[in-house]
Participant: 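The structure that follows is given in the form of structure tokens.
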Amino acid sequence: MKKTIIAIALTITMFLGSVFINTQSTSAITKVGVSMYNACKYQYPAAHHWEVFIKPGQYNVHGWACHLNYIQSGSVQLNVYQECRRAYGSKATAGYDDYNNPYSWYCAY
């Protein structure tokens, strides 16, 4: 009887250990920075010059824009989600850690 209880306890322990090991290994997510320069370059390929900047008065994650071809009067928005998919594949997504920090964008895949 004592051997049976020990065998059952050992089996349960091994099973639970394998469950925890398997769930940890499949949930890994990689986070990497985003190149706003590349976002301009690839989203507006007809331009021959890109200048990336944060719009005055919009120092947050939605403040990024770029001037194209030295035209200062107008600017275009950047699609960070599109840049993540271009750089890291169709399953990649974008996110940020702090809305008030425009440099906190990352790609996750």
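All heavy atoms count here, side chains included; hydrogens, waters and symmetry mates do not. Throughout, numbering of the chain's residues begins at 1 and tracks the sequence.
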Participant: For N79, does its backbone N or O pair with a side-chain atom of Q43 as donor and acceptor, under 3.5 Å?
Facilitator: yes
Participant: For V32 versus Y109, what's the shortest heavy-atom pair and its separation?
Facilitator: CG2-CE2, 4.0 Å
Participant: Do V80 and R85 pass the side-chain contact (heavy atoms from CB on, under 4.5 Å) test, and can you show the C-alpha distance, the side-chain angles, and the key distance before you say yes or no?
Facilitator: CA-CA 9 Å; V80 183; R85 288 188 299 272; over 6 Å; no
Participant: Give, for atom CG of L78 and atom CD of E83, the distance between the pair rounded to the nearest 0.5 Å.
Facilitator: 9.0 Å
Participant: How far apart are the closest heavy atoms of P102 and W64, and which atoms are they?
Facilitator: O-NE1, 2.8 Å
Participant: Working note: V34 + Y103, criterion side-chain contact (heavy atoms from CB on, under 4.5 Å); need CA distance, chi angles, decisive distance, verdict.
Facilitator: CA-CA 9 Å; V34 180; Y103 296 95; over 6 Å; no
Participant: Would you say W50's side chain and M36's backbone share a donor-acceptor pair under 3.5 angstrom?
Facilitator: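 No, W50 side chain to M36 backbone: no donor-acceptor pair under 3.5 Å.
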Participant: Find out if a path of hydrophobic residues (ILVMFWY) with successive side-chain heavy-atom gaps under 4.5 Å connects L68 to Y37.
Facilitator: yes
Participant: Shortest non-hydrogen contact from G33 to C107?
Facilitator: O-SG, 4.5 Å
Participant: Taking it one step at a time, do N101 and V61 satisfy side-chain contact (heavy atoms from CB on, under 4.5 Å)?
Facilitator: CA-CA 6 Å; N101 180 356; V61 294; 5.9 Å; no
Participant: Looking at side-chain heavy atoms only, is the closest gap between C84 and T93 below 4.5 Å?
Facilitator: no
Participant: Measure across N60 and Y99 and return the closest heavy-atom pair with its distance rounded to 0.1 Å.
Facilitator: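 Closest heavy-atom pair between N60 and Y99: CB-O, 3.1 Å.
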Participant: Between N38 and R86, is there a side-chain heavy-atom distance shorter than 4.5 Å?
Facilitator: yes
Participant: Holding to side chain to side chain donor-acceptor pair (under 3.5 Å), I want the full list of residues that pass it with K55, two or more places apart in sequence or in another chain.
Facilitator: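 K55: side chain to side chain donor-acceptor pair (under 3.5 Å) contacts with Q58, Q77.
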Participant: List in chain and number order the residues that pass ring pair (Phe, Tyr, Trp, His ring centres under 6.0 Å) with Y59, two or more places apart in sequence or in another chain; answer none if no residue qualifies.
Facilitator: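 Checked Y59 against ring pair (Phe, Tyr, Trp, His ring centres under 6.0 Å); zero matches.
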Participant: Start with the C-alpha distance between F53 and S75, add both sets of side-chain angles, then the distance that settles side-chain contact (heavy atoms from CB on, under 4.5 Å), and finish with yes or no.
Facilitator: CA-CA 10 Å; F53 68 101; S75 62; 3.7 Å; yes
Participant: Taking disulfide (SG to SG under 2.5 Å) as the cut-off, I'd like each qualifying pair that reaches into residues 31-60, sequence neighbours left out, listed once.
Facilitator: C40-C66
Participant: Can you label the angle between the W105 ring and the Y96 ring as parallel, tilted or perpendicular, going by 30° and 60°?
Facilitator: perpendicular
